[in-house]
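What follows is one structure encoded as structure tokens, with my remarks underneath.
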Amino acid sequence: MARSSGKDAQALFHSLRTAYAATPTNLKIIDLYVGFAVLTAVIQVVYMALVGSFPFNSFLSGVLSCVGTAVLAVCLRIQVNKENKEFKDLAPERAFADFVLCNLVLHLVIMNFLG
Amino acid sequence: MARNLGRFLVLILLVSICDAASVFQPISDSHRSAALELFTPVNGSFGSLEETYEALRTFEVLGVENKSDVRHASCASVSKTLESSSSSLKDLFFALKVNGILKCKINEKALEGIISRLKAAINDANSLLDLYHSIGSLVLMKEQSLKADLHLSDAKGVFHSIKALSQSDGRWCYSSSNPQSSAYAAGIALETLAGVVSLSSSEIDQSMIGALRNDVLKLFDGIEKYYNGASYFDEKLIDSHENQGSISTTSSVVRGITAFAAVTEESLNLPGDKILGLARFFLGIGIPGDSKDFFNQIDSLACLENNRVSIPLILSLPSTVLSLTKKDSLKVRVNTVLGSSAPPLTVKLVGALGSKDTSLIDSQELKFNSETGVHILNDLPKSIDVGSYMFTFEIVLHELEPEEVYATGDQTKVPIFVTGIVKIENAEIAVLDSDLGSIETQKQLDLAGNNIASLSANHLQKLRLSFQLTTPRRHAFQPHQALLKLRHESKAEHIFVVGSSGKQFQLVLDFLGLVEKFFYLSGRYDIELTVGDAVMENSLLRALGHIELDIPEPPEKAPHPPLQPVDPYSRYGPKAEITHIFRAPEKRPPKELSLTFLGLTILPLLGFLIGLLRLEVNLKNFPTKAAPATFALLFHIGIGVVLLLYVLFWLKLDLFTTLKALGLLGAFLVFVGHRILSYLAATSSKLKSA
């Protein structure tokens with residue numbers, strides 16, 4: 001049983017990989033960016049777990065910066081994805097401009113809260 | 001500032017002399033030593049010529065030998081002033097004054113020049129001070145035999161011009177343009193007029209001198225008096241900048257009238273008590289702290305010592321506290337103001353007023369001891385017991401020459417304290433049973449020596465203290481304090497006044513009524529007796545012993561004794577240390593851990609960049625044409641600048657500057673971004689459609 005589930009998992013994994021390889025490059029860039037942001041957030045949480053949350057505002061602003069930018073990147077991915085019928089009429093450049101603007105606003109607030 | 005302080009000090013000194021009478025002391029050695037301290041030359045000179053003159057005149061009057069040699073510097077200054085043709089009249093005046101004391105050598109030619117200058121100045125003078133200085137200088141030159149045959153050509157005219165400045169109240173103005181009348185100016189004017197009279201070659205009209213005499217009498221009508229017999233002159237307007245203060249003003253008037261009296265044949269007819277009042281004013285100052293006041297005091301007293309109006313005689317007592325027990329005798333001195341001996345006279349004690357305001361004695365004469373110059377009354381009359389009295393003295397002069405006029409005043413009142421040893425007899429302390437009054441314990445006390453009486457009582461009993469006080473004249477005596485103090489071990493104190501009837505003093509403490517006052521504290525109480533008075537030479541504060549008091553328990557609502565301080569002076573010691581409670585600072589992680597995690601945070605970024613490389617990202621879509629390329633570049637630079645602005649915001653800027661910059665940058669970025677992105681959108685849609 002374990003062997004078959006292991007094999008099934010391997011097969012599933014393989015099919016996911018091949019399917020993913022088909023995605024356009026710009027979407028892959030965005031995925032990479034999301035991964036980077038989330039990983040940074042995780043490292044910060046681990047650090048806080050180790051040393052305590054003394055400047056809590058700093059911790060929050062660090063984590064929320066990462067999470068916020070990840071969320072904005074996900075929104076960008078949704079809007080840019082050609083297979084997404086909802087956003088067919090939206091130009092990807094417009095979505096990118098929104099992404100940049102929102103990130104700038106987010107980081108202004110983050111910098112203020114960083115202390 | 002110093003003048004005001006001096007005036008204030010004078011007032012304080014005069015007010016501190018007790019009511020209605022005081023003892024004025026003539027000038028003594030304490031003045032001489034004070035003079036040496038006050039007038040100390042700096043680098044061989046006293047300062048200006050005026051100050052030099054003041055110092056030298058003070059030393060001359062007091063007979064003090066000035067140890068430091070100021071002669072050289074002063075004479076040099078005098079010669080320089082007299083030889084210079086640009087010296088002011090005031091400087092010439094004071095130079096001649098100094099010369100009068102030091103007798104320096106003066107150049108003959110310089111003197112001739114001075115005389116002509118002074119005479120010209122007199123003719124041109126339009127102010128009182130100029131006339132004073134110039135005429136005064138001429139008088140000094142005549143006195144010092146520098147020029148023996150000096151005369152004023154138009155003495156009458158000068159006399160008139162000075163007299164014209166006089167006012168109706170006897171005061172003078174400084175000049176015709178300054179209508180402010182001043183007593184100080186009156187003194188100066190009188191001195192100047194005396195100078196004119198002495199310098200005139202012909203007789204001055206007697207009517208004019210008579211008019212002057214009236215002016216002086218009017219001036220003296222305006223004299224002010226203190227309650228202690230001192231009289232003085234003061235200016236009416238205190239805030240005028242020419243106001244000199246009462247000491248300067250009075251001394252100026254004294255100088256004026258003594259100079260004037262010296263040159264007139266007939267006497268000035270001033271009442272003697274006013275002259276005596278002036279002498280008392282100057283003596284009442286004591287020792288002034290200001291050098292100008294000191295000079296004015298000494299100079300005026302020197303003028304009063306030998307004046308032709310009337311010479312004041314001062315009655316003083318070396319001691320106003322007499323002891324009956326030591327059999328002190330009453331000693332009185334009568335001197336002139338500078339301390340010289342008086343003419344033959346007798347001092348009579350005409351009255352003594354005690355607390356009851358009735359005179360206790362008949363008039364008695366004091367015996368004069370010619371060796372010591374003291375009038376003595378050997379034994380105080382029997383009616384004088386211990387206490388404070390007001391003795392009244394009268395001075396009766398013996399036969400006098402008709403020219404010698406002395407001012408003695410009618411009667412001089414002097415407060416006298418008579419002290420003595422008050423006998424305390426039959427002192428005893430006893431504990432009595434309350435109802436019957438029978439004595440449980442009784443102890444005799446010897447209040448002169450040490451004794452410790454040890455008693456015990458309960459709240460139903462009474463404590464009785466009694467003693468007798470007798471004065472040296474065997475009368476009853478009422479001391480200021482007759483107090484008994486009971487002090488508990490816990491330092492709670494209770495004080496009781498010992499009542500009296502006649503000579504017998506008695507205090508009965510009924511403990512039944514006192515239990516509440518004692519705060520229901522049982523135990524050992526120390527007993528202390530205080531008997532004291534100012535005139536009692538043997539006032540005592542003695543511990544008599546202790547008493548063990550047995551008092552019942554306090555009821556619930558009894559008052560608690562006040563908390564006694566452990567040590568009454570402990571409140572001046574350091575206070576308890578205040579420990580501030582601070583929030584404990586947060587624990588911080590070690591530096592290495594933080595730096596490690598900083599490095600770990602950079603790792604995802606590196607991962608991202610490596611991933612990008614693996615995905616083979618490229619910049620092929622970057623526009624090649626010039627305009628769009630510029631915009632693209634500007635767009636990226638703009639974003640970079642905004643991020644840099646954020647870093648600066650974190651490091652040192654504040655929100656408002658950041659928002660301002662961000663506003664500008666944002667507008668720029670939006671414009672540029674729009675251009676490039678719309679260009680990109682246009683090209684990509686062209687590609688799609690193509």
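Per chain, numbering begins at 1; letters A, B, ... match sequence-line order. Values reported hereafter were calculated over all heavy atoms of this structure, with side chains retained and with hydrogens, waters and symmetry mates removed.
- For chain A, the nearby part of B:Leu659 is the side chain; its heavy atoms alone come within less than 4.5 Å.
- Using a 4.5 Å cut-off between heavy atoms, A:Val34 makes no contact with chain B at all.
- With A:Leu32 as reference, B:Leu612 is the one residue of B:Leu609, B:Val617, B:Leu612 to meet the side-chain contact (heavy atoms from CB on, under 4.5 Å) rule.
- Heavy atoms of A:Pro55 lying under 4.5 Å from chain B belong exclusively to its side chain.
- Of the atoms belonging to A:Val38, not a single heavy atom falls under 4.5 Å from chain B.
- Contact annotation for B:Leu603: neither backbone nor side-chain heavy atoms come within less than 4.5 Å of a heavy atom of chain A.
- The closest donor-acceptor contact from the side chain of B:His488 to the backbone of B:Ser522 lies under 3.5 Å.
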* Criterion side chain to side chain contact (heavy atoms under 4.5 Å, CB included) on A:Gln79 and A:Phe99, from CA distance to verdict -> CA-CA 10 Å; A:Gln79 289 174 352; A:Phe99 171 73; over 6 Å; no
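- Without hydrogens or angle criteria, A:Ser61 side chain to A:Asn57 main chain gives a donor-acceptor distance under 3.5 Å.
- With a threshold of 4.5 angstrom between heavy atoms, A:Leu50 approaches chain B through side-chain atoms but not through N, CA, C or O.
- Using modelled atom types and a 3.5 Å distance limit, the side chains of B:Tyr646 and B:Thr658 yield no donor-acceptor pair.
- Residue B:Ile676 does not touch chain A at all, counting heavy-atom pairs closer than 4.5 Å.
- For the side-chain contact (heavy atoms from CB on, under 4.5 Å) with A:Leu106, the lone residue among A:Leu108, A:Ile110, A:Leu104 that qualifies is A:Ile110.
- Side chains of A:Glu93 and B:Ser678 form no contact here, defined as non-hydrogen atoms less than 4.5 Å apart.
- For a residue to count as touching a neighbouring chain, one of its non-hydrogen atoms must lie under 4.5 Å from one of that chain's; by this rule A:Phe96 touches chain B with the side chain only.
- For NZ of B:Lys652, the number of neighbouring non-hydrogen atoms (other residues, nucleotides, ligands) closer than 6.0 Å is 12 at most.
- Both the backbone and the side chain of B:Leu680 come within contact range of chain A, with heavy atoms under 4.5 Å apart.
- Of the listed residues A:Ile43, A:Asn103, A:Val51, the one with more heavy-atom pairs under 4.5 angstrom with chain B than any other is A:Ile43.
- Contact annotation for B:Phe608: both backbone and side-chain heavy atoms come within less than 4.5 Å of a heavy atom of chain A.
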